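These notes concern the structure reproduced below.
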Amino acid sequence: MRILTVCTSTNVFGAEVITLKMLEGFARAGHEQLAVTSTWTDGEFNRRLAKIGVPEHRLPFGALSIRLRLQPMWWTMNVLVRLPSLWMGWKRAMRQFQPDIVLFTSWRHPLAVYPILDATPSFLIEYSFLDLTKTRRKLYRVLTRKLAGFIAVSEFMRDHVKLVGAPADKVYLVKSAAFSGRDREAVEREAQLFAPNPTAATLRIGIIGQISPHKGHDDLVEAVIELRRRSRAFVVYVFGTGSTKYVDQLKSKLSDAGLNETFSWSGFVKERANIYGSIDVCVVPSRSGDPFPTVAMEAGAYGRPVVASRRGGLPEIIVDGITGWLDDLTQPRKFADRLEWFYDNPEAARGMGLAGRERIFREFTQEKMISDFESLFRRHLAGEERE
């Protein structure tokens, strides 16, 4: 098949990691590809794209928003000014590549080219949690008219996309994957180089990804304040970036609690082995419905148990009490209880990590993800041919 994918490429977060794994999988399966990326980018996605050998075409896709705030309004204005250039570039790319399938990785992409979407079967992969607003429902009813379907990355998102307004018969499930089966040997080798010390008196806690209120960083701060009250020793590694204002708020809270020295702000770290090799336990205290958090899969693959909120797609990745703990992490005592368990049960904690690795490489592999995509596309194309 000839597959054109419009990528969200301004930064590399969980959705972009999964998109790259998907593109790599299509390439390994022998499909011809073109990745359409945004001219607004920090370059990291493009470098990774070149590494896996997928051809790239840049167009001025950007952020559309109806929020009446200065920055979103500026983003939207930039997109609207460049619409003629975007439409001309889109038509040219479609004419030259002639795809069998078009994939969008953000609702903003099909909306930007909506008037010129042709009959080529197009699917929107839903990586983001969506607010259930009247505007959103209207938007999805509009998109339904031209899209062949909506692809949910988890069972949670399959149900959620229907609530947003996508018709049930146009919603398909293809669970995300961050690793292929052939990655396992390399991952295990890297994990052994940075093996956690289950008898260490100081627990190394890691939180990975965008630094934002909806990711639960405040809840982690409250939990470690409680751990300090219990005279437990720990260090927290924060991997990722966020708004300076919010990071300063977190640091101020830590300073007031006398915990500045316990937090290490590592910023963006590209190599996963360096992230998971630095920690004993990964926390994912999401406050919103994270569709299918990549960090939970990565931590499992590297043999690190996960403490996560019981929200979104997290219960589909983590088996409570087997590969990690699921709980209401907005309650500091509950969060601290789950973390404290690791001090007193080091061998069981190591077993959790190993069970997590087995689950990731059994249930969530690139090979399975690509097979599910191919089955969906072939069924749809066969149906189109019969019509």
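Keep in mind that what you see is a predicted model, and the values were worked out from it rather than measured.
With a 4.5 Å cut-off on side-chain heavy atoms, Pro315 and Phe156 do not count as touching. Using a 4.5 Å heavy-atom threshold, the side chains of Leu326 and Ser309 count as separate. Put simply, the side chain of Arg287 reaches to within 4.5 Å of the side chain of Asp219, judged on heavy atoms. Residues Lys170 and Thr144 meet the side-chain proximity criterion, which asks for heavy atoms closer than 4.5 Å. For the pair Val113 and Phe61, the minimum side-chain heavy-atom distance is below 4.5 Å. Looking at Trp90 and Leu117, their side chains come closer than 4.5 Å, going by heavy atoms from C-beta outward. In this structure, Arg310 and Asp328 have side chains that are not in contact, with every pair of non-hydrogen atoms separated by 4.5 Å or more. Side-chain contact between Glu155 and Lys175: present, with at least one pair of heavy atoms (C-beta onward) separated by less than 4.5 Å.
Ring centroid separation for the pair Phe361 and Phe179 comes in under the 6.0 Å cut-off. Proximity of the aromatic rings of Phe26 and Phe373 is defined here by a centroid distance below 6.0 angstrom, and this criterion is met.
Distance check, rounded to the nearest 0.5 Å: CG of Asp100 to CZ of Arg378 gives 11.0 Å. For the atom pair OG of Ser106 and CG of Leu124, the computed distance is 7.5 Å after rounding to the nearest 0.5 Å. For the atom pair OG of Ser128 and CE of Met157, the computed distance is 7.5 Å after rounding to the nearest 0.5 Å. Here NZ of Lys270 is found 6.0 Å from CZ of Arg48. Values are rounded to the nearest 0.5 Å. Rounding to the nearest 0.5 angstrom, the gap separating the CG atom in Leu254 from the CD atom in Glu261 is 9.5 Å. Here Ile205 contributes atom CD1 and Asp280 contributes atom CG; the two are 9.0 Å apart, rounded to the nearest 0.5 Å.
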task = Start with the C-alpha gap between Gln33 and Leu23, add the side-chain angles, then the distance that decides, and say whether side chain to side chain contact (heavy atoms under 4.5 Å, CB included) holds.
result = CA-CA 8 Å; Gln33 293 187 83; Leu23 297 177; 3.1 Å; yes

task = Using the ring-ring contact (aromatic ring centres under 6.0 Å, His included) rule, take Phe292 and Phe364 through it: C-alpha gap first, then chi angles, then the decisive distance, then the call.
result = CA-CA 11 Å; Phe292 210 57; Phe364 310 115; 5.5 Å; yes

message = Test side chain to side chain donor-acceptor pair (under 3.5 Å) on Ser180 and Asp183; report intermediate values, then the result.
response = CA-CA 5 Å; Ser180 72; Asp183 292 332; 3.3 Å; yes

request  = Go through the steps for Ile207 and His217 under the test side chain to side chain contact (heavy atoms under 4.5 Å, CB included), then give the verdict.
outcome  = CA-CA 8 Å; Ile207 184 167; His217 288 76; 3.6 Å; yes

ask   = Arg28 and Gln366: side chain to side chain donor-acceptor pair (under 3.5 Å), yes or no, with the steps?
value = CA-CA 10 Å; Arg28 286 178 173 175; Gln366 180 192 59; 3.0 Å; yes

task = Evaluate the criterion salt bridge (charged side-chain N to carboxylate O under 4.0 Å, His left out) for residue pair Asp118 and Lys146; output intermediate values, then yes/no.
result = CA-CA 8 Å; Asp118 61 18; Lys146 289 203 173 184; over 6 Å; no

task = Would you sort out whether Glu190 and Arg272 count as a salt bridge (charged side-chain N to carboxylate O under 4.0 Å, His left out), showing the intermediate values?
result = CA-CA 9 Å; Glu190 290 173 350; Arg272 289 182 293 200; over 6 Å; no

message = Walk me through whether Thr133 and Asp131 qualify under side chain to side chain donor-acceptor pair (under 3.5 Å).
response = CA-CA 6 Å; Thr133 65; Asp131 294 327; over 6 Å; no

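Smallest separation of non-hydrogen atoms from Val306 and Ala296: CG2-O, 4.2 Å. The nearest pair of heavy atoms linking Gly258 to Arg228 is O-NH1, 4.1 Å. Among all heavy-atom pairs drawn from Pro293 and Ile317, the shortest one is O-CD1, 3.6 Å. Of all heavy-atom pairs spanning Leu4 and Phe97, the tightest one is N-CE2, 4.0 Å. In this structure, Ala35 and Leu49 approach most closely via the heavy-atom pair CB-CD2, 3.6 Å.
Taken together through direct or relayed side-chain contacts under 4.5 Å among Ile, Leu, Val, Met, Phe, Trp and Tyr, Trp341 and Leu354 form parts of separate hydrophobic clusters. Tyr246 and Leu220 fall within a single hydrophobic cluster, where Ile, Leu, Val, Met, Phe, Trp and Tyr side chains are chained together by heavy-atom contacts under 4.5 Å. In the hydrophobic clustering of this structure, Trp265 groups with Val224; members are Ile, Leu, Val, Met, Phe, Trp, Tyr whose side-chain heavy atoms approach within less than 4.5 Å, directly or through other members. Transitive grouping of hydrophobic side chains (ILVMFWY, heavy atoms separated by less than 4.5 Å) brings Ile279 and Val269 into a common cluster. Tyr302 and Ile322 fall into different hydrophobic clusters, where Ile, Leu, Val, Met, Phe, Trp and Tyr residues are linked whenever their side-chain heavy atoms come under 4.5 Å apart, directly or through other members.
Side-chain N or O atoms of Ser375 include none that pairs as donor or acceptor with a backbone N or O of Asp372 at under 3.5 Å. For Thr19 (side chain) and Ala15 (main-chain N/O), a donor-acceptor pair under 3.5 Å exists by modelled atom type. A donor-acceptor pair is defined here as one N or O able to donate and one able to accept, closer than 3.5 Å; no such pair exists between the side chain of Thr323 and the backbone of Gly356. A donor-acceptor contact shorter than 3.5 Å is absent between the side chain of Arg141 and the backbone of Ala166. Under a 3.5 Å cut-off, the side chain of Tyr237 and the backbone N or O of Tyr276 do not form any donor-acceptor pair. Not one N or O on the side chain of Arg158 forms a donor-acceptor pair closer than 3.5 Å with the backbone of Leu173. Side-chain N or O atoms of Ser122 include one that pairs as donor or acceptor with a backbone N or O of Thr120 at under 3.5 Å. A donor-acceptor pair is defined here as one N or O able to donate and one able to accept, closer than 3.5 Å; no such pair exists between the side chain of His214 and the backbone of Ser288.
Residues Arg47 and Glu44 are paired through a salt bridge, judged by an N-O separation under 4.0 Å between the basic side chain and the carboxylate. Salt-bridge check for Glu56 with Arg58: passed, with a basic side-chain N closer than 4.0 Å to an acidic carboxylate O. With salt bridges taken as basic N to acidic carboxylate O contacts below 4.0 Å, none links Arg333 and Asp337. Between Asp344 and Arg232, at least one side-chain N (NZ, or NE/NH1/NH2) sits under 4.0 Å from a carboxylate O, which counts as a salt bridge. Residues Lys334 and Glu226 are not paired through a salt bridge, judged by the lack of any N-O separation under 4.0 Å between the basic side chain and the carboxylate.
For the residue pair Gln96 / His57, no side-chain donor-acceptor distance below 3.5 Å is found, with atom types taken as modelled.
Under the ring-ring contact (aromatic ring centres under 6.0 Å, His included) rule, Phe150 has a single partner from Phe104, Tyr172, Tyr140, Tyr127, which is Tyr140.
By the 30° and 60° cut-offs, the orientation of the rings of Phe129 relative to His160 is parallel.
A cation-pi geometry, defined here as NZ or CZ lying under 6.0 Å from the six-membered ring centre and within 45° of its normal, does not hold between Arg204 and Phe234.
Within 6.0 Å of the NZ atom in Lys162, the count of heavy atoms belonging to other residues, nucleotides or ligands exceeds 12.
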